[in-house]
Novice: 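Pasting a structure here, questions to come.
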Amino acid sequence: MFVNLGGDESSKPTYFEVVAADRLVPSLKAAVIYALSVFSQRHPWVHRLLNYDDEVFALLTLALDGHSLFSSDSTFSDSLYGLKLKPLRPSGAERLSRRQRWLLLACQVLLPYLRAKTEKAYRHCAASSPGSGVLGLALRYSASQGVAPEEADDGAAGGGSGGEGGGWSRRLQRAFVASYPWIHAGIEGVTFAYHLTYLLGASPVHQPVLHALGVTMARTSAKDLMDAEKAKQARRQALLASLLGAAAAAPAAGRGAGALSGGGSATGQQRAAALVAAARAGLVRGVLGARWLLEDHTRSALILAVFGFKALEWWYTAAEDTLAKGKALPLPPPPPPPRPLPPPLGVGLPADPSDCPLCRKRTTNPAVLATSGYVFCYPCAFAHVLAAGACPVSGLAAGLDHVRKLYEAA
(Lines give C-alpha, C1' and ligand atoms only; values in the text may rest on other atoms or scores of the structure.)
Protein backbone atom coordinates (compact mmCIF):
# COMPACT_ATOMS: atom_id res chain seq x y z
CA MET A 1 0.00 0.00 0.00
CA PHE A 2 1.43 3.38 -1.02
CA VAL A 3 -1.42 5.81 -0.30
CA ASN A 4 -3.91 5.51 2.55
CA LEU A 5 -6.74 8.03 2.51
CA GLY A 6 -8.36 6.90 5.73
CA GLY A 7 -11.47 4.99 6.71
CA ASP A 8 -11.80 1.67 8.47
CA GLU A 9 -11.79 -1.65 6.65
CA SER A 10 -15.54 -2.20 7.04
CA SER A 11 -16.56 1.12 5.48
CA LYS A 12 -17.25 1.62 1.79
CA PRO A 13 -14.46 3.33 -0.24
CA THR A 14 -15.27 6.93 -1.07
CA TYR A 15 -15.86 8.18 -4.59
CA PHE A 16 -12.62 10.15 -4.46
CA GLU A 17 -10.62 7.02 -3.67
CA VAL A 18 -11.97 4.88 -6.50
CA VAL A 19 -11.73 7.69 -9.07
CA ALA A 20 -8.19 8.57 -7.98
CA ALA A 21 -7.21 4.92 -8.48
CA ASP A 22 -8.81 4.92 -11.95
CA ARG A 23 -7.01 8.13 -12.96
CA LEU A 24 -3.60 6.77 -12.00
CA VAL A 25 -3.23 4.56 -15.08
CA PRO A 26 -3.52 7.39 -17.68
CA SER A 27 -0.88 9.35 -15.75
CA LEU A 28 1.36 6.30 -15.79
CA LYS A 29 0.93 5.96 -19.56
CA ALA A 30 1.84 9.62 -20.09
CA ALA A 31 4.97 9.14 -17.96
CA VAL A 32 6.00 6.02 -19.90
CA ILE A 33 5.57 7.76 -23.28
CA TYR A 34 7.49 10.81 -22.04
CA ALA A 35 10.35 8.61 -20.81
CA LEU A 36 10.52 6.79 -24.16
CA SER A 37 10.56 10.15 -25.98
CA VAL A 38 13.50 11.36 -23.91
CA PHE A 39 15.47 8.14 -24.35
CA SER A 40 14.80 8.10 -28.10
CA GLN A 41 16.82 11.31 -28.53
CA ARG A 42 20.00 9.50 -27.46
CA HIS A 43 19.13 5.95 -28.50
CA PRO A 44 17.44 5.82 -31.94
CA TRP A 45 16.26 2.23 -31.49
CA VAL A 46 13.94 3.40 -28.69
CA HIS A 47 12.18 5.55 -31.29
CA ARG A 48 10.65 2.39 -32.76
CA LEU A 49 8.88 1.70 -29.48
CA LEU A 50 7.01 5.01 -29.77
CA ASN A 51 5.26 3.65 -32.86
CA TYR A 52 3.90 0.87 -30.64
CA ASP A 53 3.22 2.85 -27.47
CA ASP A 54 -0.17 1.23 -26.95
CA GLU A 55 1.31 -2.26 -27.19
CA VAL A 56 4.19 -1.38 -24.84
CA PHE A 57 1.82 -0.01 -22.22
CA ALA A 58 -0.54 -2.99 -22.62
CA LEU A 59 2.34 -5.37 -21.83
CA LEU A 60 3.33 -3.22 -18.85
CA THR A 61 -0.26 -3.26 -17.58
CA LEU A 62 -0.40 -7.02 -18.09
CA ALA A 63 2.70 -7.52 -15.94
CA LEU A 64 1.71 -5.10 -13.16
CA ASP A 65 -1.98 -5.96 -12.87
CA GLY A 66 -1.38 -9.67 -13.39
CA HIS A 67 1.10 -9.85 -10.52
CA SER A 68 -1.11 -7.72 -8.28
CA LEU A 69 -4.38 -9.57 -9.02
CA PHE A 70 -2.99 -13.03 -8.40
CA SER A 71 -1.17 -12.00 -5.22
CA SER A 72 -3.52 -9.55 -3.48
CA ASP A 73 -6.92 -9.54 -5.30
CA SER A 74 -6.43 -5.95 -6.47
CA THR A 75 -5.13 -4.17 -9.53
CA PHE A 76 -1.89 -2.23 -9.45
CA SER A 77 -3.56 1.16 -9.00
CA ASP A 78 -6.11 -0.13 -6.47
CA SER A 79 -3.43 -1.65 -4.26
CA LEU A 80 -1.60 1.70 -4.09
CA TYR A 81 -4.72 3.29 -2.59
CA GLY A 82 -5.32 0.50 -0.09
CA LEU A 83 -8.25 -0.95 -2.05
CA LYS A 84 -9.06 -4.47 -3.14
CA LEU A 85 -11.63 -6.30 -5.24
CA LYS A 86 -14.09 -8.78 -3.79
CA PRO A 87 -17.18 -10.65 -5.03
CA LEU A 88 -20.29 -8.50 -5.21
CA ARG A 89 -22.43 -11.31 -3.81
CA PRO A 90 -20.06 -13.61 -1.90
CA SER A 91 -21.26 -17.21 -1.65
CA GLY A 92 -19.05 -18.61 1.09
CA ALA A 93 -15.82 -17.11 -0.30
CA GLU A 94 -14.54 -13.61 0.37
CA ARG A 95 -11.82 -13.76 -2.29
CA LEU A 96 -12.07 -13.62 -6.05
CA SER A 97 -12.21 -16.82 -8.02
CA ARG A 98 -9.53 -17.68 -10.54
CA ARG A 99 -11.99 -17.06 -13.37
CA GLN A 100 -12.81 -13.58 -12.06
CA ARG A 101 -9.10 -12.73 -11.82
CA TRP A 102 -8.49 -13.73 -15.42
CA LEU A 103 -11.55 -11.81 -16.64
CA LEU A 104 -10.51 -8.71 -14.69
CA LEU A 105 -6.98 -8.91 -16.09
CA ALA A 106 -8.35 -9.24 -19.64
CA CYS A 107 -10.60 -6.21 -19.12
CA GLN A 108 -7.80 -4.13 -17.58
CA VAL A 109 -5.50 -4.83 -20.53
CA LEU A 110 -7.73 -5.22 -23.58
CA LEU A 111 -10.39 -2.56 -23.04
CA PRO A 112 -7.98 0.44 -22.73
CA TYR A 113 -5.91 -0.94 -25.62
CA LEU A 114 -8.93 -1.32 -27.92
CA ARG A 115 -10.24 2.10 -26.93
CA ALA A 116 -6.90 3.79 -27.72
CA LYS A 117 -6.67 2.02 -31.08
CA THR A 118 -10.28 2.91 -31.95
CA GLU A 119 -9.75 6.59 -31.11
CA LYS A 120 -6.62 6.70 -33.28
CA ALA A 121 -8.48 5.04 -36.14
CA TYR A 122 -11.33 7.53 -35.76
CA ARG A 123 -8.99 10.54 -35.81
CA HIS A 124 -7.28 9.15 -38.89
CA CYS A 125 -10.54 8.47 -40.73
CA ALA A 126 -12.18 11.74 -39.67
CA ALA A 127 -9.45 13.72 -41.44
CA SER A 128 -10.68 12.47 -44.84
CA SER A 129 -14.37 11.69 -44.23
CA PRO A 130 -17.50 13.82 -43.77
CA GLY A 131 -18.28 15.17 -40.33
CA SER A 132 -20.39 13.44 -37.72
CA GLY A 133 -22.21 16.31 -36.06
CA VAL A 134 -21.69 17.94 -32.70
CA LEU A 135 -20.61 14.74 -30.95
CA GLY A 136 -17.59 14.42 -33.23
CA LEU A 137 -16.18 17.89 -32.57
CA ALA A 138 -14.35 16.90 -29.39
CA LEU A 139 -12.91 13.78 -31.03
CA ARG A 140 -11.78 15.32 -34.33
CA TYR A 141 -9.21 17.74 -32.92
CA SER A 142 -6.52 16.43 -35.25
CA ALA A 143 -8.73 16.90 -38.30
CA SER A 144 -9.05 20.70 -37.98
CA GLN A 145 -6.22 21.19 -40.48
CA GLY A 146 -7.13 18.20 -42.63
CA VAL A 147 -7.29 18.06 -46.39
CA ALA A 148 -10.29 19.12 -48.40
CA PRO A 149 -12.97 16.53 -49.11
CA GLU A 150 -12.11 16.51 -52.81
CA GLU A 151 -8.47 15.67 -52.07
CA ALA A 152 -9.50 13.00 -49.57
CA ASP A 153 -11.81 11.40 -52.13
CA ASP A 154 -9.06 11.44 -54.76
CA GLY A 155 -6.58 9.92 -52.33
CA ALA A 156 -9.00 7.20 -51.27
CA ALA A 157 -9.82 6.36 -54.87
CA GLY A 158 -6.17 6.28 -55.90
CA GLY A 159 -5.02 4.24 -52.91
CA GLY A 160 -7.78 1.62 -52.97
CA SER A 161 -8.09 -1.46 -55.10
CA GLY A 162 -10.47 0.40 -57.41
CA GLY A 163 -14.06 -0.08 -58.42
CA GLU A 164 -16.51 -1.67 -56.07
CA GLY A 165 -13.93 -2.62 -53.40
CA GLY A 166 -12.88 1.01 -52.93
CA GLY A 167 -16.52 2.10 -52.70
CA TRP A 168 -17.28 -0.40 -49.95
CA SER A 169 -14.18 0.66 -48.06
CA ARG A 170 -15.21 4.32 -48.20
CA ARG A 171 -18.76 3.47 -47.09
CA LEU A 172 -17.48 1.51 -44.10
CA GLN A 173 -15.14 4.36 -43.22
CA ARG A 174 -17.95 6.92 -43.36
CA ALA A 175 -20.22 4.67 -41.30
CA PHE A 176 -17.50 4.29 -38.69
CA VAL A 177 -16.89 8.05 -38.53
CA ALA A 178 -20.63 8.70 -38.20
CA SER A 179 -21.32 6.03 -35.56
CA TYR A 180 -18.25 6.19 -33.31
CA PRO A 181 -19.15 9.52 -31.61
CA TRP A 182 -22.54 8.06 -30.65
CA ILE A 183 -20.96 4.87 -29.33
CA HIS A 184 -18.41 6.92 -27.40
CA ALA A 185 -21.13 9.14 -25.97
CA GLY A 186 -23.16 6.09 -24.94
CA ILE A 187 -20.21 4.50 -23.13
CA GLU A 188 -19.38 7.76 -21.36
CA GLY A 189 -23.03 8.23 -20.41
CA VAL A 190 -23.30 4.76 -18.87
CA THR A 191 -20.03 5.31 -16.99
CA PHE A 192 -21.25 8.67 -15.72
CA ALA A 193 -24.50 7.08 -14.53
CA TYR A 194 -22.56 4.44 -12.57
CA HIS A 195 -20.32 7.12 -11.05
CA LEU A 196 -23.30 9.21 -10.05
CA THR A 197 -25.18 6.30 -8.46
CA TYR A 198 -22.03 5.25 -6.57
CA LEU A 199 -21.52 8.81 -5.35
CA LEU A 200 -25.11 8.98 -4.13
CA GLY A 201 -24.84 5.55 -2.47
CA ALA A 202 -27.41 3.89 -4.74
CA SER A 203 -24.98 1.41 -6.33
CA PRO A 204 -22.19 -0.73 -4.80
CA VAL A 205 -19.99 -0.46 -7.94
CA HIS A 206 -18.74 2.53 -9.90
CA GLN A 207 -17.98 0.84 -13.23
CA PRO A 208 -20.23 -1.18 -15.55
CA VAL A 209 -17.41 -3.67 -16.19
CA LEU A 210 -17.12 -4.49 -12.49
CA HIS A 211 -20.90 -4.88 -12.28
CA ALA A 212 -20.91 -7.29 -15.23
CA LEU A 213 -18.17 -9.39 -13.62
CA GLY A 214 -19.87 -9.39 -10.21
CA VAL A 215 -17.04 -7.56 -8.45
CA THR A 216 -17.02 -4.58 -6.10
CA MET A 217 -14.42 -2.43 -4.33
CA ALA A 218 -13.47 -2.69 -0.67
CA ARG A 219 -10.75 -1.45 1.62
CA THR A 220 -7.76 -3.63 2.38
CA SER A 221 -7.70 -4.56 6.07
CA ALA A 222 -4.67 -5.12 8.26
CA LYS A 223 -5.49 -8.83 8.31
CA ASP A 224 -5.43 -8.92 4.51
CA LEU A 225 -1.98 -7.32 4.49
CA MET A 226 -0.67 -9.75 7.11
CA ASP A 227 -2.12 -12.76 5.29
CA ALA A 228 -0.67 -11.60 1.99
CA GLU A 229 2.76 -11.08 3.56
CA LYS A 230 2.68 -14.51 5.24
CA ALA A 231 1.64 -16.19 1.99
CA LYS A 232 4.40 -14.39 0.10
CA GLN A 233 7.07 -15.38 2.63
CA ALA A 234 5.81 -18.99 2.63
CA ARG A 235 6.04 -19.15 -1.18
CA ARG A 236 9.53 -17.71 -1.13
CA GLN A 237 10.76 -20.06 1.58
CA ALA A 238 9.30 -23.07 -0.25
CA LEU A 239 10.96 -21.98 -3.50
CA LEU A 240 14.29 -21.37 -1.77
CA ALA A 241 14.17 -24.74 0.01
CA SER A 242 13.40 -26.63 -3.21
CA LEU A 243 16.21 -24.91 -5.13
CA LEU A 244 18.73 -25.42 -2.32
CA GLY A 245 17.73 -29.08 -2.09
CA ALA A 246 18.26 -29.53 -5.83
CA ALA A 247 21.64 -27.76 -5.62
CA ALA A 248 22.79 -30.02 -2.76
CA ALA A 249 21.55 -33.24 -4.39
CA ALA A 250 24.14 -33.32 -7.18
CA PRO A 251 27.25 -32.96 -4.93
CA ALA A 252 25.82 -35.60 -2.55
CA ALA A 253 25.52 -38.04 -5.45
CA GLY A 254 29.14 -37.30 -6.41
CA ARG A 255 30.35 -37.97 -2.86
CA GLY A 256 28.53 -41.31 -2.80
CA ALA A 257 30.15 -42.38 -6.06
CA GLY A 258 33.62 -41.38 -4.75
CA ALA A 259 33.14 -43.32 -1.51
CA LEU A 260 32.21 -46.50 -3.43
CA SER A 261 35.28 -46.24 -5.67
CA GLY A 262 37.58 -45.86 -2.64
CA GLY A 263 41.09 -44.45 -2.81
CA GLY A 264 42.89 -41.59 -1.17
CA SER A 265 41.15 -39.00 -3.33
CA ALA A 266 37.78 -39.50 -1.59
CA THR A 267 38.47 -36.78 0.96
CA GLY A 268 39.49 -34.32 -1.75
CA GLN A 269 36.38 -35.08 -3.73
CA GLN A 270 34.23 -34.50 -0.67
CA ARG A 271 35.84 -31.10 -0.08
CA ALA A 272 35.39 -30.12 -3.71
CA ALA A 273 31.77 -31.26 -3.61
CA ALA A 274 31.19 -29.22 -0.46
CA LEU A 275 32.68 -26.12 -2.11
CA VAL A 276 30.51 -26.64 -5.19
CA ALA A 277 27.42 -27.03 -3.02
CA ALA A 278 28.23 -23.86 -1.09
CA ALA A 279 28.82 -21.95 -4.35
CA ARG A 280 25.52 -23.17 -5.80
CA ALA A 281 23.63 -22.28 -2.63
CA GLY A 282 25.16 -18.80 -2.60
CA LEU A 283 24.29 -18.28 -6.27
CA VAL A 284 20.68 -19.40 -5.69
CA ARG A 285 20.32 -17.09 -2.69
CA GLY A 286 21.82 -14.17 -4.59
CA VAL A 287 19.58 -14.60 -7.66
CA LEU A 288 16.43 -15.05 -5.58
CA GLY A 289 17.36 -12.11 -3.35
CA ALA A 290 17.79 -9.83 -6.39
CA ARG A 291 14.49 -11.03 -7.82
CA TRP A 292 12.60 -10.47 -4.57
CA LEU A 293 14.20 -7.06 -4.09
CA LEU A 294 13.01 -6.09 -7.57
CA GLU A 295 9.49 -7.36 -6.85
CA ASP A 296 9.28 -5.51 -3.52
CA HIS A 297 10.49 -2.10 -4.71
CA THR A 298 9.55 -1.86 -8.41
CA ARG A 299 5.98 -0.77 -7.64
CA SER A 300 7.05 2.01 -5.28
CA ALA A 301 9.76 3.18 -7.68
CA LEU A 302 7.27 3.25 -10.55
CA ILE A 303 4.67 5.28 -8.69
CA LEU A 304 7.34 7.68 -7.42
CA ALA A 305 8.40 8.18 -11.04
CA VAL A 306 4.78 9.01 -11.95
CA PHE A 307 4.54 11.53 -9.11
CA GLY A 308 7.87 13.02 -10.18
CA PHE A 309 6.63 13.38 -13.74
CA LYS A 310 3.45 15.12 -12.59
CA ALA A 311 5.47 17.39 -10.27
CA LEU A 312 7.76 18.44 -13.14
CA GLU A 313 4.73 19.03 -15.35
CA TRP A 314 3.17 21.24 -12.67
CA TRP A 315 6.48 23.05 -12.08
CA TYR A 316 7.00 24.02 -15.72
CA THR A 317 3.32 24.92 -16.17
CA ALA A 318 3.44 27.19 -13.12
CA ALA A 319 6.65 28.83 -14.38
CA GLU A 320 5.14 29.51 -17.79
CA ASP A 321 2.01 30.99 -16.21
CA THR A 322 4.13 33.27 -14.01
CA LEU A 323 6.11 34.56 -16.99
CA ALA A 324 2.92 35.15 -18.94
CA LYS A 325 1.34 37.30 -16.21
CA GLY A 326 1.42 41.04 -16.77
CA LYS A 327 2.02 40.76 -20.48
CA ALA A 328 -0.42 42.11 -23.00
CA LEU A 329 -2.10 39.57 -25.16
CA PRO A 330 -0.62 39.50 -28.67
CA LEU A 331 -2.70 40.13 -31.72
CA PRO A 332 -4.38 37.01 -33.05
CA PRO A 333 -2.42 35.40 -35.87
CA PRO A 334 -3.77 35.76 -39.39
CA PRO A 335 -5.59 32.79 -40.87
CA PRO A 336 -3.28 30.28 -42.51
CA PRO A 337 -3.01 30.39 -46.29
CA PRO A 338 -4.53 27.61 -48.39
CA ARG A 339 -2.59 24.41 -48.30
CA PRO A 340 -0.28 24.32 -51.36
CA LEU A 341 -0.21 21.33 -53.63
CA PRO A 342 3.09 19.40 -53.44
CA PRO A 343 5.27 19.14 -56.54
CA PRO A 344 4.47 16.18 -58.80
CA LEU A 345 7.92 14.64 -58.30
CA GLY A 346 7.71 14.68 -54.49
CA VAL A 347 6.54 11.91 -52.21
CA GLY A 348 3.18 13.61 -51.66
CA LEU A 349 1.42 14.58 -48.47
CA PRO A 350 -0.59 12.11 -46.32
CA ALA A 351 -4.32 12.48 -45.80
CA ASP A 352 -3.79 13.10 -42.07
CA PRO A 353 -1.51 16.14 -41.52
CA SER A 354 -0.26 14.58 -38.27
CA ASP A 355 1.36 11.73 -40.24
CA CYS A 356 4.92 11.82 -41.56
CA PRO A 357 5.06 12.12 -45.40
CA LEU A 358 7.93 9.59 -45.54
CA CYS A 359 6.96 6.71 -43.22
CA ARG A 360 3.19 7.47 -43.39
CA LYS A 361 2.90 6.90 -39.63
CA ARG A 362 2.07 9.26 -36.75
CA THR A 363 4.81 11.90 -36.57
CA THR A 364 6.97 11.34 -33.50
CA ASN A 365 10.00 13.40 -32.47
CA PRO A 366 8.99 15.94 -35.18
CA ALA A 367 11.52 17.95 -37.18
CA VAL A 368 11.04 20.63 -39.84
CA LEU A 369 13.13 21.30 -42.95
CA ALA A 370 14.01 25.01 -42.89
CA THR A 371 14.18 25.23 -46.69
CA SER A 372 10.63 23.97 -47.32
CA GLY A 373 8.74 24.11 -44.01
CA TYR A 374 7.46 20.52 -44.16
CA VAL A 375 7.45 18.45 -40.96
CA PHE A 376 8.70 14.84 -40.75
CA CYS A 377 9.87 12.39 -38.12
CA TYR A 378 13.40 13.40 -37.18
CA PRO A 379 15.01 10.04 -38.16
CA CYS A 380 13.13 10.05 -41.49
CA ALA A 381 14.17 13.62 -42.38
CA PHE A 382 17.76 13.09 -41.24
CA ALA A 383 18.21 9.90 -43.27
CA HIS A 384 16.60 11.33 -46.46
CA VAL A 385 18.54 14.62 -46.38
CA LEU A 386 21.76 12.73 -45.70
CA ALA A 387 21.14 10.47 -48.72
CA ALA A 388 19.46 12.85 -51.21
CA GLY A 389 20.38 16.35 -50.03
CA ALA A 390 16.90 17.66 -50.75
CA CYS A 391 13.41 17.92 -49.28
CA PRO A 392 11.43 14.75 -50.10
CA VAL A 393 8.21 16.74 -50.73
CA SER A 394 9.30 19.94 -52.50
CA GLY A 395 12.66 18.81 -53.89
CA LEU A 396 14.40 21.94 -52.61
CA ALA A 397 18.06 21.52 -51.72
CA ALA A 398 18.65 20.98 -48.01
CA GLY A 399 21.51 20.09 -45.71
CA LEU A 400 21.70 18.45 -42.32
CA ASP A 401 21.84 21.88 -40.66
CA HIS A 402 18.38 22.59 -42.10
CA VAL A 403 16.83 19.68 -40.14
CA ARG A 404 15.56 21.31 -36.94
CA LYS A 405 13.61 19.65 -34.17
CA LEU A 406 10.23 20.89 -32.98
CA TYR A 407 9.08 20.70 -29.38
CA GLU A 408 5.42 20.46 -28.39
CA ALA A 409 3.94 21.51 -25.08
CA ALA A 410 3.00 18.56 -22.79
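Everything numeric here is computed off the predicted structure, so don't read it as measured data. Atoms considered below: every heavy atom in the structure, side chains included; atoms not considered: hydrogens, waters and symmetry mates.
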Novice: Mind listing the closest non-hydrogen atom pair of Val109 and Ala58 along with its distance?
Specialist: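 What the structure gives for the nearest pair is CG1-O, 3.8 Å.
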Novice: List the steps, then state whether side chain to side chain contact (heavy atoms under 4.5 Å, CB included) holds for Val385 with Leu369.
Specialist: CA-CA 9 Å; Val385 171; Leu369 281 181; 3.7 Å; yes
Novice: Could you measure the distance from the CG atom of Leu111 to the CG atom of Leu114? Nearest 0.5 Å is fine.
Specialist: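 Reported to 0.5 Å precision, the distance equals 6.5 Å.
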Novice: Where the side chain of Ser394 meets the backbone of Cys391, is there a donor-acceptor pair that is under 3.5 Å apart?
Specialist: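 Side chain of Ser394 to backbone of Cys391: no pair is present.
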Novice: If I take atom CG from residue Leu85 and atom OG from residue Ser72, how far apart are they, to the nearest 0.5 angstrom?
Specialist: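 Output value for this atom pair is 9.0 Å.
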Novice: Could you point out which residue of Lys84, Arg98, Lys86, Arg95 forms a salt bridge (Lys or Arg N to Asp or Glu O under 4.0 Å) with Asp73?
Specialist: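 The single option meeting the salt bridge (Lys or Arg N to Asp or Glu O under 4.0 Å) with Asp73 is Arg95.
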Novice: Which atoms form the tightest heavy-atom contact between Pro357 and Val347, and what is the distance?
Specialist: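 Heavy atoms of Pro357 and Val347 come nearest at O-CG2, 4.0 Å.
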Novice: For His67 and Ser71, what are the C-alpha separation, side-chain angles and deciding distance, and is it a side chain to side chain contact (heavy atoms under 4.5 Å, CB included)?
Specialist: CA-CA 6 Å; His67 178 268; Ser71 60; 4.2 Å; yes
Novice: For Leu24 and Tyr81, work out which heavy atoms get closest and say how close.
Specialist: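 Taking Leu24 first and Tyr81 second, the nearest heavy atoms are CD2-CE1, 4.4 Å.
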Novice: With heavy-atom distances below 4.5 Å as the criterion, would you say the side chains of Val368 and Val403 are in contact?
Specialist: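 Counting from C-beta outward, Val368 and Val403 never come under 4.5 Å.
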Novice: Would you find more than 12 non-hydrogen atoms of other residues, nucleotides or ligands less than 6.0 Å from Arg48 atom CZ?
Specialist: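 At most 12 heavy atoms, drawn from other residues, nucleotides or ligands, come within 6.0 Å of this atom.
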Novice: Does some side-chain heavy atom of Phe176 sit less than 4.5 Å from a side-chain heavy atom of Thr118?
Specialist: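 In short, these two side chains touch, coming nearer than 4.5 Å.
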Novice: Side chain of His402, backbone of Gly399: donor and acceptor closer than 3.5 Å?
Specialist: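 At least one qualifying donor-acceptor pair exists.
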Novice: Under the criterion side chain to side chain contact (heavy atoms under 4.5 Å, CB included), I'd like the reasoning laid out for Arg123 against Arg362: C-alpha separation, chi angles, the key distance, then a yes or no.
Specialist: CA-CA 11 Å; Arg123 291 197 300 266; Arg362 198 60 172 263; 3.9 Å; yes
Novice: So, Asp78 versus Thr75: side-chain donor-acceptor pair below 3.5 Å or not?
Specialist: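 Result is yes, a qualifying pair exists.
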Novice: I want to check something: taking the side chain as every heavy atom from C-beta on, are Cys356 and Lys361 in contact at a cut-off of under 4.5 Å?
Specialist: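 Not touching, per the 4.5 Å side-chain cut-off.
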Novice: Does the side chain of Val205 come within less than 4.5 Å of Val215's, by heavy atoms?
Specialist: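 Sidechains of Val205 and Val215: no contact.
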Novice: Using side-chain heavy atoms (C-beta onward) and a distance below 4.5 Å, is Phe70 in contact with Trp102?
Specialist: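 With C-beta onward as the side chain, the pair touches.
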Novice: Could you please spell out the steps behind the ring-ring contact (aromatic ring centres under 6.0 Å, His included) verdict for Tyr194 and His211?
Specialist: CA-CA 9 Å; Tyr194 268 86; His211 197 185; 5.7 Å; yes
Novice: When you compare the side chain of Gln207 with that of Met217, does any pair of heavy atoms fall below 4.5 Å?
Specialist: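 SC-SC contact between Met217 and Gln207 ruled out.
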Novice: Honestly, is Lys12 close enough over Tyr198, meaning NZ or CZ under 6.0 Å from the six-membered ring centre and within 45° of the axis?
Specialist: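 Output yes; distance and angle both within limits.
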Novice: Under a 4.0 Å N-O cut-off, is there an ion pair linking Lys120 with Asp352?
Specialist: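 No, Lys120 and Asp352 are not salt-bridged.
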Novice: Working to the nearest 0.5 angstrom, can you tell me the gap between Ser40 OG and Asn365 CG?
Specialist: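 Spacing of OG (Ser40) from CG (Asn365) equals 5.0 Å.
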Novice: To the nearest 0.5 Å, what is the distance between CD (Glu55) and CG (Leu60)?
Specialist: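 It is 13.5 Å, given to the nearest 0.5 Å.
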Novice: What are the two closest non-hydrogen atoms of His206 and Asp22, and how far apart are they?
Specialist: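 That would be NE2-OD2, 2.9 Å.
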Novice: Parallel, tilted or perpendicular: which fits the ring planes of Tyr15 and His195, with parallel below 30° and perpendicular above 60°?
Specialist: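 If you compare the ring of Tyr15 with that of His195, the planes turn out perpendicular.
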Novice: Please check: side-chain N/O of His384 versus main-chain N/O of Ala390, any donor-acceptor pairing under 3.5 Å?
Specialist: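 Looks like yes, one N/O pair under 3.5 Å.
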Novice: Does the pair Cys377 and Thr363 meet the rule for a side chain to side chain contact (heavy atoms under 4.5 Å, CB included), with working shown?
Specialist: CA-CA 5 Å; Cys377 299; Thr363 304; 4.3 Å; yes
Novice: Say whether, by atom type as modelled, one donor and one acceptor occur between the side chain of Ser68 and the main chain of Leu64 under 3.5 angstrom.
Specialist: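 Side chain of Ser68 to backbone of Leu64, a donor-acceptor pair under 3.5 Å: no, none is there.
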Novice: At what distance, to the nearest 0.5 angstrom, does CG of Leu69 lie from CZ of Phe76?
Specialist: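 Answer for the CG-CZ pair, Leu69 versus Phe76, is 12.5 Å.
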Novice: Find the distance between CG (Asp65) and SG (Cys107) and round it off to the nearest 0.5 Å.
Specialist: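 Interatomic distance, Asp65 CG to Cys107 SG, rounded to 0.5 Å: 11.5 Å.
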Novice: So, for Leu358 and Ala381, which heavy atoms are closest and what is the spacing to 0.1 Å?
Specialist: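 Result for this residue pair: CD1-N, 4.2 Å.
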Novice: Could you pull out the closest heavy-atom pair between Ala397 and Thr371, with the gap in Å?
Specialist: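 In this case the closest contact between Ala397 and Thr371 is O-CG2, 3.4 Å.
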Novice: Taking side chain as C-beta onward, heavy atoms only, is Gln100 less than 4.5 Å from Leu213?
Specialist: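 Gln100 vs Leu213: side chains apart.
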Novice: Are Tyr180 and Glu119 packed together at the side-chain level, in the sense that at least one heavy-atom pair is separated by less than 4.5 angstrom?
Specialist: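 Yes. Closest side-chain heavy atoms under 4.5 Å.
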Novice: So, Glu17 versus Thr14: side-chain donor-acceptor pair below 3.5 Å or not?
Specialist: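 Yes - a donor-acceptor pair under 3.5 Å links their side chains.
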Novice: So, Thr216 side chain and Pro204 main chain: donor-acceptor pair closer than 3.5 Å or not?
Specialist: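 Side chain of Thr216 to backbone of Pro204: a pair is present.
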